[in-house]
Amino acid sequence: MRKFVSFFLALAIAAGLCAPALAAEEGLANFQKVHSYTEGQFTDVAAESWCAESVRAAVEYGLMDGVGGGRFAPDGSLTLAQTVVMACRIHSTYLGEAPDFSGGEPWYQPYLDYALDSGLITRDYSDGELGQAVTRADFAVIVGAALPDEALPEISSIEEGAIPDVAAEDPCYEAVYRLYRAGVLTGNDASGTFAPDSGINRGSAAALVSRMVDPSLRRQISLVRQPFTPVPMDQLANLDSLRKNATDEELAQAYDAALEIVTPLADLSREEQLLGIAIALRSMFDSGMLYSSSGEHYNDPYGYFVLGMASCAGCTRATGLCLNILGIPYEHVNENQWSHQWCRVDVDGTYWICDAYGLYCGPEPAPYTHPYLT
């Protein structure tokens, strides 16, 4: 009987050893404080520092380390590689995974492979890119992808278009708004500006990743979309060129006319704004404007908007006035030459021609080349 019991006990133990281990459940509960932190641990993080609590949390949760020598370097820049590492740590911990990130060559290669396989990044970056300082936009996109929506519920009321420097066409738009609404991002000022193209320092990164994993650290804010604020006439980027022969009073009249055109376009994408301006100014010309190359105001916005006097120079400056009111810089191509003229505008790194008079608004086929001119 004793042998019989021992036999089945052995079978039970063997079966237990062969059974697959239960997978850890997904969730924020997987984030545990795995490291201790003592006040004064870093000589450059004072207890009263704005980021002291965030640095403590980031270190305790194992998301960030010091830089050596008893320093955290809160004002130091963060690289793209370091951003990928933090995203991998957050993602794998949330899923209850324990991947082996050691022994890579270079050191971040296992993280890069994991990030690609997990969809945290969408392309394989070069070593040169990974060593560069990460922008706030890229940080939000990469780290934001580390957690699913259920881990980032909305706690903040952020209206569409309320973040003043993040446009709907920006690649980071969805990621930034998602993190704002989850209380992870709060903006740099009362207006909620994000500064997507600037770098992010280590202190700010500690605040963001600690809020990602610990909901008690998230901050509730409210942002509403602000009404369109046109650039004042005396602050127009191309003011000297736009004025041409007009007096202050005459330019003010042209400004008011241009303002009526651009106000409905204020919330649109840059491409839609350019097209809207070109369509409006072309419609004015087609309604019966007088062509002139010698009238007193033939080549300024006052002549185009108020006197109804058209030329390619006048249309170009009228277009430029509309652009400047929206805060869009431009280059006046062939200015003050007896040649066709138009506005050249940088649209996210691609130069566009905005030329209502020449019936074209779109990307230039080659630098300073108009598709309808040879």
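One-based numbering along the sequence shown.
L147 contributes atom CG, which lies 5.0 Å from atom CG of L152 (distance to the nearest 0.5 angstrom). Rounded to the nearest 0.5 angstrom, Y330 OH and C354 SG are separated by 11.0 Å.
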Exercise for review: Check the pair Q132, T79 against side-chain hydrogen bond (donor to acceptor under 3.5 Å, both in side chains), reporting the backbone distance first and the verdict last.
Suggested key: CA-CA 5 Å; Q132 294 177 358; T79 67; over 6 Å; no
Check your understanding: Given the rule in the side-chain hydrogen bond (donor to acceptor under 3.5 Å, both in side chains) test, do T193 and D189 qualify, once you have shown the distances and angles that lead to the verdict?
Key -> CA-CA 6 Å; T193 56; D189 53 32; 2.7 Å; yes
Exercise for review: Would you please test I142 and M86 for side-chain contact (heavy atoms from CB on, under 4.5 Å) and show each step?
Suggested key: CA-CA 9 Å; I142 295 172; M86 284 188 280; over 6 Å; no
Practice item. Please report the C-alpha distance between R56 and E60 in whole Å, then the side-chain angles of each, then the deciding distance to 0.1 Å, and finally whether the salt bridge (charged side-chain N to carboxylate O under 4.0 Å, His left out) criterion is met. Key: CA-CA 6 Å; R56 172 188 288 273; E60 288 180 338; 3.4 Å; yes
Practice item. Run the numbers on Y302 and L307 for side-chain contact (heavy atoms from CB on, under 4.5 Å), then give the verdict. Key: CA-CA 7 Å; Y302 177 72; L307 302 182; 3.8 Å; yes
Point to revise | Evaluation steps, salt bridge (charged side-chain N to carboxylate O under 4.0 Å, His left out), between R178 and E154 | key: CA-CA 8 Å; R178 180 171 176 256; E154 293 187 11; over 6 Å; no
Practice item. Determine, step by step, whether N201 and S204 satisfy the side-chain hydrogen bond (donor to acceptor under 3.5 Å, both in side chains) criterion, reporting the C-alpha distance in whole Å, the side-chain angles of both residues, the deciding distance to 0.1 Å, and the verdict. Key: CA-CA 6 Å; N201 62 37; S204 297; 3.0 Å; yes
Review point. Where do V45 and Y37 land on the side-chain contact (heavy atoms from CB on, under 4.5 Å) test, with the steps shown first?
Key: CA-CA 12 Å; V45 181; Y37 182 91; 4.2 Å; yes
Exercise for review: Quick one: do N245 and N299 satisfy side-chain contact (heavy atoms from CB on, under 4.5 Å)? Show the steps, please.
Suggested key: CA-CA 8 Å; N245 299 317; N299 57 359; 3.8 Å; yes
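Between R89 and S92 the shortest heavy-atom distance is O-OG, 3.4 Å. Summarising the geometry of N334 relative to H340, their closest heavy-atom pair is ND2-O, 2.8 Å, with the distance given to 0.1 Å. Here the closest heavy-atom approach between residue T247 and residue R243 is recorded as C-NH1, 4.2 Å. Contact between D346 and D348 at its shortest, heavy atoms only, is OD1-N, 3.6 Å. When all heavy atoms are compared, the tightest approach of P371 to I353 is CD-CD1, 3.8 Å. Contact detail for P106 and D127: the closest heavy-atom pair is CG-OD1, 4.3 Å.
The shortest side-chain heavy-atom distance between I155 and R181 does not fall under the 4.5 Å cut-off. R270 places a side-chain heavy atom less than 4.5 Å from the side chain of E169. Taking the side chain as every heavy atom from C-beta outward, V231 and N324 never approach each other to under 4.5 Å. Using a 4.5 Å heavy-atom cutoff, the side chains of C88 and H91 are not in contact. Counting only heavy atoms from C-beta outward, the side chains of F139 and L78 approach each other to under 4.5 Å. Proximity of L112 to I121: side-chain heavy atoms (C-beta onward) are separated by under 4.5 Å at one or more points. When side chains are defined from C-beta on, N238 does not count as touching H332, because their heavy atoms never get closer than 4.5 Å. At a threshold of 4.5 Å between non-hydrogen side-chain atoms, the residues E335 and T316 do not count as touching.
Within 6.0 Å of CD on E159 lie more than 12 heavy atoms contributed by other residues, nucleotides or ligands. Within 6.0 Å of the CD atom in E331, the count of heavy atoms belonging to other residues, nucleotides or ligands exceeds 12. The environment of E160 atom CD is dense: over 12 non-hydrogen atoms of other residues, nucleotides or ligands sit within 6.0 angstrom. In this structure, E249 places its CD atom where only 12 or fewer heavy-atom neighbours from other residues, nucleotides or ligands lie under 6.0 Å away. Around the CD atom of Q337, the shell of radius 6.0 Å holds more than 12 heavy atoms that belong to other residues, nucleotides or ligands. By the neighbour-count criterion of 12 heavy atoms within 6.0 Å, atom CD of E129 is densely surrounded, having more than that number from other residues, nucleotides or ligands.
Aromatic ring orientation, F101 versus Y111: parallel (interplanar angle below 30°, classes split at 30° and 60°). Ring-plane geometry between Y177 and Y180 is classed as tilted, the angle between the planes lying from 30 to 60 degrees on a 0 to 90 degree scale.
Residues N30 and E26 bring no donor and acceptor atom of their side chains to less than 3.5 Å of each other.
No continuous path of hydrophobic side-chain contacts links L275 to Y372 [ILVMFWY only; heavy atoms under 4.5 Å]. One hydrophobic cluster, built from ILVMFWY side chains closer than 4.5 Å, cannot hold both V141 and V84; they sit in different ones. Cluster annotation: V34 is not connected to M212 through the hydrophobic network of ILVMFWY side chains, with a link wherever side-chain heavy atoms come within less than 4.5 Å. Connection of I277 to L259 is established within a shared hydrophobic cluster, with ILVMFWY side chains joined at heavy-atom distances below 4.5 Å, either directly or through further cluster members. Under the 4.5 Å side-chain heavy-atom criterion for ILVMFWY residues, no single connected hydrophobic cluster contains both V134 and V67.
Among the candidates L326, L323, L321, the single residue satisfying the side-chain contact (heavy atoms from CB on, under 4.5 Å) test with V262 is L326. Among the candidates L281, D300, L251, the single residue satisfying the side-chain contact (heavy atoms from CB on, under 4.5 Å) test with F305 is L281. A side-chain contact (heavy atoms from CB on, under 4.5 Å) with V209 is found for one member of T83, V184, V143 and no other, namely V143.
In this structure, the side chain of Q32 engages the main chain of A29 through a donor-acceptor pair within 3.5 Å. Listed for the R211 side chain is no donor-acceptor partner under 3.5 Å among the backbone atoms of G183. One N or O on the side chain of S311 and one on the backbone of Y298 form a donor-acceptor pair closer than 3.5 Å. Side-chain atoms of H297 do not come within 3.5 Å of backbone N or O of G303 as any donor-acceptor pair. Side-chain atoms of Y360 come within 3.5 Å of backbone N or O of P363 as a donor-acceptor pair. A donor-acceptor pair under 3.5 Å is formed between the side chain of S292 and the backbone N or O of S294. Of the possible polar contacts, one joining the S287 side chain to the M284 backbone as a donor-acceptor pair under 3.5 Å is found. With hydrogens and angles ignored, the 3.5 Å screen pairs a side-chain donor or acceptor of Q273 with a backbone N or O of A266.
Remark: R136 does not engage D197 in a salt bridge, criterion side-chain N to carboxylate O under 4.0 Å.
Each ring pair (Phe, Tyr, Trp, His ring centres under 6.0 Å) pair with one or both residues in residues 47-78, not counting sequence neighbours, appears once here: F42-F72.
Annotation: cation-pi pair R344/Y368 present, NZ/CZ under 6.0 Å from the ring centroid and within 45° of its normal.
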